[in-house]
Amino acid sequence: MERKYAWHNYDDATMEKVYALSDSYRQFLDNGKTERECVVQAVEFAEAKGYVNLKDIIKNNTPIKAGDKIYYTYMDKSIALFNIGTDNIELGMNILGAHIDSPRIDVKQNPQYEDSNLLFWDTHYYGGIKKYHWVAMPLAIHGVVVKTDGTRININIGDKETDPVFCITDLLPHLGQEQMQKNAAKVIEGEALDLLIGSRPVKDEEKEGVSKFINNLLEKEYGFVERDLLSAELEIVPAGKARDMGFDRSMVMAYGQDDRVCAYTSLVAMLEVDNVKRTTCCLLVDKEEIGSVGATGMQSRFFENAVAEILTLMGKPNSVSVRRALEKSRMLSSDVSAGYDPLYASAYEKKNASYLGMGVVFNKFTGSRGKAGSNDANAEYMGFIRRVMESNNVTYQTAELGKVDLGGGGTIAYIMALYGMNVIDCGVAVLSMHAPWEVTSKADIYEAKQCYVAFLNAADETI
């Protein structure tokens with residue numbers, strides 16, 4: 001079937017919107033290199049649009065009614081936003097769900113050691129990375145340090161021009177003959193991904209002199225000591241800002257576009273839609289890259305609990321109402337797809353691959369090989385999605401994640417499908433996915449936002 005380039009549909013006015021959206025998106029990426037930083041921005045954007053913290057509503061026992069706009073943060077790593085519609089919420093919600101964690105390298109709890117007058121932090125990588133990508137490049141440290149008295153220190157070092165940066169060293173090619181004989185998975189071992197953080201010793205200190213110098217500096221400039229790393233969450237990410245890519249500036253190159261490209265467009269769409277009939281919801285969650293586990297991942301019940309609190313304050317304090325609302329909901333699992341790369345054509349089946357510049361991507365199923373671990377959306381829901389997209393002039397495409405026997409991937413879709421709701425994966429095609437720097441098309445970013453707006457507004461459609 002013929003595919004259409006989204007770019008062909010744009011007049012000058014629309015083209016300005018395409019580039020303006022990507023400009024604001026790049027700012028979001030620059031200010032949100034961790035899930036905590038993304039939540040901070042989401043709260044700021046939501047409150048500017050009149051959203052109120054659910055925790056305050058619960059505390060004041062304020063009844064919830066149609067037209068109310070509510071947000072709920074959980075452990076500062078996940079957030080759910082609700083726009084209460086005029087229809088009975090037990091008839092379901094329109095839900096967008098994206099994740100705001102990205103592959104990275106985490107600092108261990110007891111990380112610091114000195115060797116040969118060089119000071120390192122030991123690390124543990126997070127999510128699916130090619131380890132050799134992360135050596136010999138400038139890196140930044142983002143996160144929090146929490147002291148025993150409860151004081152929380154926000155850390156963001158390496159992204160300002162005046163900041164120092166850090167790196168993981170590599171072996172020079174002159175001495176790398178044995179290294180180059182290893183397969184790609186072993187060229188850089190996980191335990192060798194240690195961050196070089198300093199080399200200057202305290203004067204006249206012969207033993208652990210660099211450690212003492214850096215410890216003094218950390219306490220003086222950042223307010224914590226080495227022992228406070230026991231209760232820290234420090235994430236090592238690529239240093240540098242998101243950039244326009246290509247002579248035509250048609251693409252964005254940045255860290256963390258999986259899945260913040262879908263998180264940002266979902267959030268923008270959520271805040272743009274107003275006066276809804278069917279209650280709308282936007283979920284931005286943590287831990288997807290490691291299986292959606294933990295209290296802030298989608299496998300926890302924080303979202304279900306938030307829905308239960310809202311229904312209670314709407315005069316529906318029973319579990320049946322919660323189950324009805326979730327079962328009759330429909331969702332777009334807003335997550336990225338693997339963009340077709342002609343340099344690696346053998347990994348794709350061209351008819352069923354996603355292409356940059358051809359609009360938002362729907363993956364009827366994900367999983368691996370024989371669809372293992374997949375949510376497989378039914379044909380009726382796919383027909384509904386097509387109807388909504390085409391009636392709103394959204395450019396879209398369908399895809400699978402590579403050739404059948406090569407592997408695959410997953411999203412939060414299968415978890416939300418456990419409630420019985422209709423779910424399908426829907427997002428933006430990405431080149432170099434899970435690399436430190438990923439590439440997306442500005443046209444696809446725009447079409448994703450338009451898609452999410454259309455979906456949230458689809459109140460009277462039946463499946």
Do you know which two heavy atoms are closest between [X] and [Y], and how far apart they sit?
X: Glu90; Y: Ser321; value: OE2-OG, 3.2 Å
X: Val394; Y: Cys451; value: CG1-CB, 3.8 Å
X: Ile236; Y: Trp134; value: O-CZ3, 3.7 Å
X: Ala454; Y: Met389; value: CB-CE, 4.4 Å
X: Cys38; Y: Phe28; value: SG-CZ, 4.0 Å
X: Thr279; Y: Gly85; value: OG1-N, 2.9 Å

Problem set entry | Worked verdict on Asp101 versus Lys77 for salt bridge (charged side-chain N to carboxylate O under 4.0 Å, His left out) | CA-CA 9 Å; Asp101 62 315; Lys77 294 183 180 181; over 6 Å; no
For this session: For Arg152 and Asp76, run salt bridge (charged side-chain N to carboxylate O under 4.0 Å, His left out): C-alpha distance rounded to whole Å, both residues' side-chain angles, the deciding distance at 0.1 Å, then the answer.
Result: CA-CA 12 Å; Arg152 186 166 74 176; Asp76 297 326; 2.8 Å; yes
Exercise. Is the centre of the Phe384 ring less than 6.0 Å from the centre of the Tyr381 ring?
Worked result: yes
Is any side-chain heavy atom of [X] less than 4.5 Å from a side-chain heavy atom of [Y]?
X: Met331; Y: Met93; value: no
X: His99; Y: Glu289; value: yes
X: Ser334; Y: Cys426; value: no
X: Val423; Y: Tyr414; value: no
X: Glu37; Y: Asn31; value: no
X: Leu267; Y: Phe45; value: yes
X: Asp244; Y: Arg26; value: yes

For this session: Before giving the answer on side chain to side chain contact (heavy atoms under 4.5 Å, CB included), spell out for Leu456 and Val453 the whole-Å C-alpha distance, their side-chain angles and the decisive distance to 0.1 Å.
Result: CA-CA 5 Å; Leu456 292 176; Val453 169; 5.9 Å; no
Does a donor on one side chain and an acceptor on the other come within less than 3.5 Å for [X] and [Y]?
X: Gln179; Y: Asp170; result: yes
X: Glu390; Y: Tyr396; result: yes
X: Gln257; Y: Thr440; result: yes
X: Ser24; Y: Tyr264; result: yes
X: Asn375; Y: Asp425; result: no
X: Asn154; Y: His142; result: no
X: Asp335; Y: Thr411; result: no

For this session: To the nearest 0.5 angstrom, please state how far the CD1 atom of Ile415 sits from the OG atom of Ser333.
Result: 8.5 Å
Exercise. Given Glu44 and Lys49, is the salt bridge (charged side-chain N to carboxylate O under 4.0 Å, His left out) satisfied, shown in steps?
Worked result: CA-CA 9 Å; Glu44 179 183 335; Lys49 287 288 187 176; over 6 Å; no
For this session: Verify side chain to side chain contact (heavy atoms under 4.5 Å, CB included) between Asp106 and Tyr125, making sure each step is shown before the conclusion.
Result: CA-CA 6 Å; Asp106 289 342; Tyr125 61 91; over 6 Å; no
Around atom [atom1] of [X], are there more than 12 heavy atoms from other residues, nucleotides or ligands closer than 6.0 Å?
X: Lys316; atom1: NZ; value: yes
X: Tyr126; atom1: OH; value: yes
X: Glu189; atom1: CD; value: yes

For this session: Cation-pi check, Lys69 to Phe82: give yes when NZ or CZ is under 6.0 Å from the six-membered ring centre and within 45° of the ring axis, no otherwise.
Result: no
Give me the ring orientation class for [X] and [Y]: parallel if the planes are under 30° apart, tilted from 30 to 60°, perpendicular past 60°.
X: Tyr10; Y: Trp7; answer: perpendicular
X: Tyr74; Y: Phe302; answer: parallel
X: Tyr340; Y: Tyr355; answer: tilted

Problem set entry | Residues Glu400, Lys364; criterion salt bridge (charged side-chain N to carboxylate O under 4.0 Å, His left out); working and verdict | CA-CA 8 Å; Glu400 297 179 10; Lys364 185 178 184 294; over 6 Å; no
For this session: State whether Glu349 and Lys403 are salt-bridged, where the test is any N-O pair (Lys NZ or Arg NE/NH1/NH2 against Asp/Glu carboxylate O) under 4.0 Å.
Result: no
Exercise. Out of Val404, Thr366, Asp376, which one pairs with Lys371 under the side-chain contact (heavy atoms from CB on, under 4.5 Å) rule?
Worked result: Asp376
Exercise. Going through the checks in order, is the side chain to side chain contact (heavy atoms under 4.5 Å, CB included) test met by Tyr71 and Glu47?
Worked result: CA-CA 9 Å; Tyr71 73 86; Glu47 289 183 342; 2.5 Å; yes
Problem set entry | Working for side chain to side chain contact (heavy atoms under 4.5 Å, CB included), residues Asp259 and Ile100 | CA-CA 6 Å; Asp259 181 38; Ile100 48 178; over 6 Å; no
